Amino acid sequence: MEIIVALDVDNIFQAEAFVDLLKEKVKIFKIGSKLFTSEGPNTIEMINKKGCNVFLDLKYCDIPSVISSAVKIAGEKNVFAVSVHISGGKEMLEKCVCLKNRPLLWGISVLTSLDENNLKEIGVFRKIDEQVETLAKIAKEVGLDGVVCSPREIGIVKKIGGLQIIVPGIRLTEETDDQKRTLSPKKAKEKGADYIVVGRPIIQAENPLTIVETILKECSPQF
Ligand code: C5P
């Protein structure tokens, strides 16, 4: 299992400081809406130049031609993986899958910040598990490389098989914030996550490197 650090910071200088500090231990950094809106594609180049990989987490969801063009451009910029909303529909996903030299395509299932009440508010009256299963089956059918889900749904995606499992909502303590379906790194690993995405527990820590080392130690086989 690998750690992806979510660089949800204000600017490229802060992002670069985290990459420099952590790059011996962390090989994939995530650029999300916040950093990308603030600094744009320069952030991709900065991370690649330091020998690390980029997960561009812009959670693409739009008409098929627009999203497949965006994914193609991400490939030209040497992005390692991008996220696309599985709920954007099969046609949008298929148009991305068939691109040559594309990044890995990781499908967003249900955001880890949502619970069943939030789903009801948007007209989804099923259990989260069922919704994740339906979306993960679509991901498999169209040929996505992986699915992003909460730690609690890893088993559902594992059962479908043939998909990388990318897991945000990782917490080292019992604290709760806007992430509602959380689990510890060790438990996520035991359940079968291939990648964990960790943001605030690392980037808001007094000593981010120590937190990364703690996670790696906790997840090593001898621990
Ligand atoms: O700070 P925290 O560890 O909660 O960050 C989790 C990261 O994972 C955020 O950058 C968020 O955008 C991302 N993410 C998520 N839920 C998803 C997909 C991505 O929280 N379903």
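Positions are given from 1, in the same order as the sequence printed here. Keep in mind the model is a prediction, meaning the values are calculated, not measured. Worth knowing before you read on, the calculation uses all heavy atoms, side chains too, and leaves out hydrogens, waters and symmetry mates. Just so you know, ligand 1 is whichever comes first in the structure, and atom 1 is the first atom listed for that ligand.
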- Message: Under a 4.0 angstrom heavy-atom cut-off, which atoms of ligand 1 come close to Arg200?
- Response: 1 (O), 2 (P), 3 (O), 4 (O)

- Message: Can you tell whether the side chains of Lys90 and Glu141 come within less than 4.0 Å, N to carboxylate O?
- Response: yes

- Message: Please list, in number order, the atoms of ligand 1 under 4.0 Å from a heavy atom of Ala6.
- Response: 10 (O)

- Item | Backbone or side-chain N or O of Gly199 under 3.5 Å from ligand 1 N or O | yes

- Sub-4.0 Å heavy-atom contact, Pro201 with ligand 1: yes

- Task: Pick, from Pro168, Ser109, Ser83, the option with the minimum heavy-atom distance to atom 8 (O) of ligand 1.
- Result: Pro168

- Query: Among pairs that include at least one residue of residues 128-139, which meet salt bridge (charged side-chain N to carboxylate O under 4.0 Å, His left out), considering only residues two or more places apart or in two chains?
  - Reply: Glu133-Lys137

- Salt bridge between Glu76 and Lys72, side-chain N to carboxylate O under 4.0 Å? yes

- Does the pair Asp145 and Arg102 meet the rule for a salt bridge (charged side-chain N to carboxylate O under 4.0 Å, His left out), with working shown? CA-CA 11 Å; Asp145 301 290; Arg102 61 166 173 76; 2.9 Å; yes

- Task: Would you mind reporting whether Ser184 and Arg171 have side-chain heavy atoms less than 4.5 Å apart?
- Result: no

- Note on the structure: Closest to atom 4 (O) of ligand 1 by heavy-atom distance, out of Arg171, Lys34, Lys59, Lys30, is Arg171

- Message: Using a 4.0 Å cut-off to any heavy atom of Val197, which atoms of ligand 1 qualify?
- Response: 7 (C), 8 (O)

